[in-house]
Amino acid sequence: MHTPTPDPPTRAERQILFALAHRGELGWGALLDAQDASIPEFIAALQALARRGRVAVSRGHVRLAAPIPAPPPLACVCAACDGRGYLAASNLPALAELHAALAGRPDPDFAFDQGAIPPDESLLRAASMQDRGDLWGQHILFVGDFDLTSVALALTRQPARVVVLDIDPRVVAFVDAAGERLGLPLSGRRFDVRDPLPDDLRRRFDAFVCDPVETLPGIRLYLARGAAALRGEGSAAWIGLTTIEASRRKWFEIQQLLARAGLVVTDIRRRFSGYPDHDDALALPGLEWPILRELGPEGGRHRWYTSAWLRAEAVRTPEPEVDGRVELGPELYVDDEAWATPRPQEAAR
């Protein structure tokens, strides 16, 4: 009698098994960071492995149900920079200056899906932009900037102008105050991404930067507002984008958005930025995370929310996908893949 051959493990399942074979039992946060599927795909892979008796999941931790043979890993990732290719040493004067400039920064408001990368990682972003010719003498627009990477860029004294658009008045006030206090070409303006880009900002910038919400309607708006601001061929977009809340299919759609706008991807650095606000943001009154409903808070205390740093360059004058006002409600922030985005408890149930 013919015995059916079991389906081979998916790539996410292979990554999970490989990590557990070499690192032993892991909390879900560390294991999520060891693979690159989106959260729903990661959970589906865990459930499939558990059904087949390959792994055991208990109190937010995962272990192999039985040892498996696995070849030794290639230890080639730079331990100093954690594979980023850039390192901001703790005694770097620019880092001390940035820490001082960011004193008193606003706390995250999860109603706006806010989180901030650490100051040293903002410097790494500035260094990468410098290396690609997108910093010195450039006019740079931020479409949202709770990270306050704009301050890091301006403190290099390289950009000719840095403008921050943000819906949060606290961010705008902080940016304006920092620019005035430090004598930097840095200013902020309150802006709702659902509104059209103001006329005085159109075609005035050499680069735009954004860490967009990761719903397709939201990303479409962020990229459209940025594209409308770019001068033309050779201008650049720098985008923070995760695989945590953006599947391959969503990345494919984003590629199409960029291509239709006239932008070609030139660089992607995976896990370039991490968001410590998510490490322990596990029990805020009135808010709920889908990933915690599924896996619980235990095992999540790890820098699991990371994003790639992506650069795209205009090969012609960029054409925004949308130009006028767009009416969007909760779907701006939340979709079926937004398992790490908090939402009101009543709406989450």
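Heavy-atom basis, side chains included; hydrogens, waters and symmetry copies ignored.
Taken from CD1 in Ile16 to CG in Leu46, the straight-line distance is 4.5 Å, to the nearest 0.5 Å. Interatomic distance, Leu230 CG to Leu263 CG, rounded to the nearest 0.5 Å: 6.5 Å. Rounded to the nearest 0.5 Å, atoms NZ (Lys250) and OG1 (Thr243) are 11.5 Å apart. The distance from atom CD of Glu321 to atom CZ of Arg225, rounded to the nearest 0.5 Å, is 11.5 Å. Remark: Trp251 CH2 to Ile219 CD1 distance equals 9.5 Å, nearest 0.5 Å. Annotation: the span from Glu288 atom CD to Thr341 atom OG1 amounts to 13.5 Å, rounded to 0.5 Å.
Among all heavy-atom pairs drawn from Leu95 and Ala88, the shortest one is CD2-O, 4.4 Å. Considering every non-hydrogen atom in both Gly188 and Val172, the closest pair reads C-CG1, 3.6 Å. Scanning all heavy atoms of the two residues, the minimum distance from Arg105 to Ala116 falls at NH2-CB, 3.6 Å. When every heavy atom of Ala314 is checked against every heavy atom of Pro318, the shortest pair comes out as CB-CG, 3.8 Å. The two atoms that bring Ala227 and Arg203 nearest to each other are O-NH1, 2.8 Å, heavy atoms only. Counting all heavy atoms, side chain and backbone alike, Ala19 lies closest to Leu31 at CB-CD1, 4.0 Å.
Between the side chains of Ser122 and Thr149, at least one donor-acceptor pair of N or O atoms lies under 3.5 Å. Between the side chains of Asp211 and Tyr275, at least one donor N or O sits under 3.5 Å from an acceptor N or O. Between the side chains of Thr242 and Glu245, no donor-acceptor pair is found at a separation under 3.5 Å. Side chains of Asp33 and Tyr305: no donor on one and acceptor on the other come within 3.5 Å. Checked by atom type, the side-chain pair Ser247/Glu337 shows a donor-acceptor distance below 3.5 Å. Using modelled atom types and a 3.5 Å distance limit, the side chains of Gln130 and Gln138 yield no donor-acceptor pair. For the residue pair Ser150 and Asp145, a side-chain donor N or O sits within less than 3.5 Å of a side-chain acceptor on the partner. No hydrogens or angles considered: nothing links the side chains of Arg269 and Ser128 as a donor-acceptor pair under 3.5 Å.
A heavy-atom distance below 4.5 Å is not found between the side chains of Pro159 and Trp136. Counting heavy atoms from C-beta outward, Leu241 and Glu214 have side chains that approach closer than 4.5 Å. A 4.5 Å side-chain heavy-atom check between Asp199 and Leu201 finds every atom pair outside the cut-off.
Each of Thr266, Val265, Ile239 was evaluated against Arg311; a single residue qualifies, Thr266, per the side chain to side chain contact (heavy atoms under 4.5 Å, CB included) test. Each of Leu153, Val171, Val163 was evaluated against Phe142; a single residue qualifies, Leu153, per the side chain to side chain contact (heavy atoms under 4.5 Å, CB included) test.
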Query - Stepwise side-chain contact (heavy atoms from CB on, under 4.5 Å) test for Asp267 and Leu310 - result: CA-CA 6 Å; Asp267 305 76; Leu310 182 152; over 6 Å; no
request  = For the pair Val175 and Leu148, evaluate side-chain contact (heavy atoms from CB on, under 4.5 Å) and give the outcome as yes or no after the intermediate values.
outcome  = CA-CA 8 Å; Val175 165; Leu148 295 175; 3.7 Å; yes
Set out, in order, the CA-CA distance, both residues' side-chain angles and the distance that settles side-chain contact (heavy atoms from CB on, under 4.5 Å) for Arg125 and Trp238, then state yes or no.
CA-CA 9 Å; Arg125 287 184 166 191; Trp238 288 86; over 6 Å; no
Report task. I would like to know whether Arg63 and Val57 meet side-chain contact (heavy atoms from CB on, under 4.5 Å); could you show each step before the answer? Result -> CA-CA 7 Å; Arg63 60 176 175 81; Val57 184; over 6 Å; no
Using salt bridge (charged side-chain N to carboxylate O under 4.0 Å, His left out), reason through Arg189 and Asp200 one step at a time and then give a plain yes or no.
CA-CA 12 Å; Arg189 185 183 302 191; Asp200 65 310; 2.9 Å; yes
Note to self: For Arg194 and Asp192: C-alpha separation, side-chain torsions, deciding distance, then whether salt bridge (charged side-chain N to carboxylate O under 4.0 Å, His left out) applies.
What the structure shows: CA-CA 5 Å; Arg194 290 168 288 198; Asp192 187 330; 3.0 Å; yes
query = Under the salt bridge (charged side-chain N to carboxylate O under 4.0 Å, His left out) criterion, do Glu13 and Arg52 qualify, and how do the steps go?
reply = CA-CA 12 Å; Glu13 292 170 6; Arg52 298 201 297 270; 2.8 Å; yes
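Under the 4.5 Å side-chain heavy-atom criterion for ILVMFWY residues, a single connected hydrophobic cluster contains both Val209 and Val164.
The main-chain N or O of Asp107 is found under 3.5 Å from a side-chain atom of Arg170 such that the two form a donor-acceptor pair. A donor-acceptor contact shorter than 3.5 Å is absent between the side chain of Glu41 and the backbone of Ile39. Without hydrogens or angle criteria, Arg270 side chain to Ala308 main chain gives no donor-acceptor distance under 3.5 Å. Put simply, the side chain of Asp147 gets close to the backbone of Ile117: a donor and an acceptor are under 3.5 Å apart. Counting only distance, with no hydrogens or angles, the side chain of Arg202 and the backbone of Ala228 share no donor-acceptor pair below 3.5 Å. With hydrogens and angles ignored, the 3.5 Å screen pairs no side-chain donor or acceptor of His22 with any backbone N or O of Leu17. Trp28 contributes a side-chain N or O that, together with a main-chain N or O of Gly296, makes up a donor-acceptor pair within less than 3.5 Å. Arg157 places a side-chain N or O within donor-acceptor distance of the main-chain N or O of Leu155, the cut-off being under 3.5 Å. In terms of modelled atom types and a separation under 3.5 Å, the side chain of Gln255 and the main chain of Phe252 share no donor-acceptor contact. His61 places a side-chain N or O within donor-acceptor distance of the main-chain N or O of Arg59, the cut-off being under 3.5 Å.
Within 6.0 Å of atom CD in Glu331, more than 12 heavy atoms from other residues, nucleotides or ligands are found, so the atom counts as buried in its surroundings.
Ring pair Phe272/Trp309 is parallel by interplanar angle, where below 30° counts as parallel and above 60° as perpendicular.
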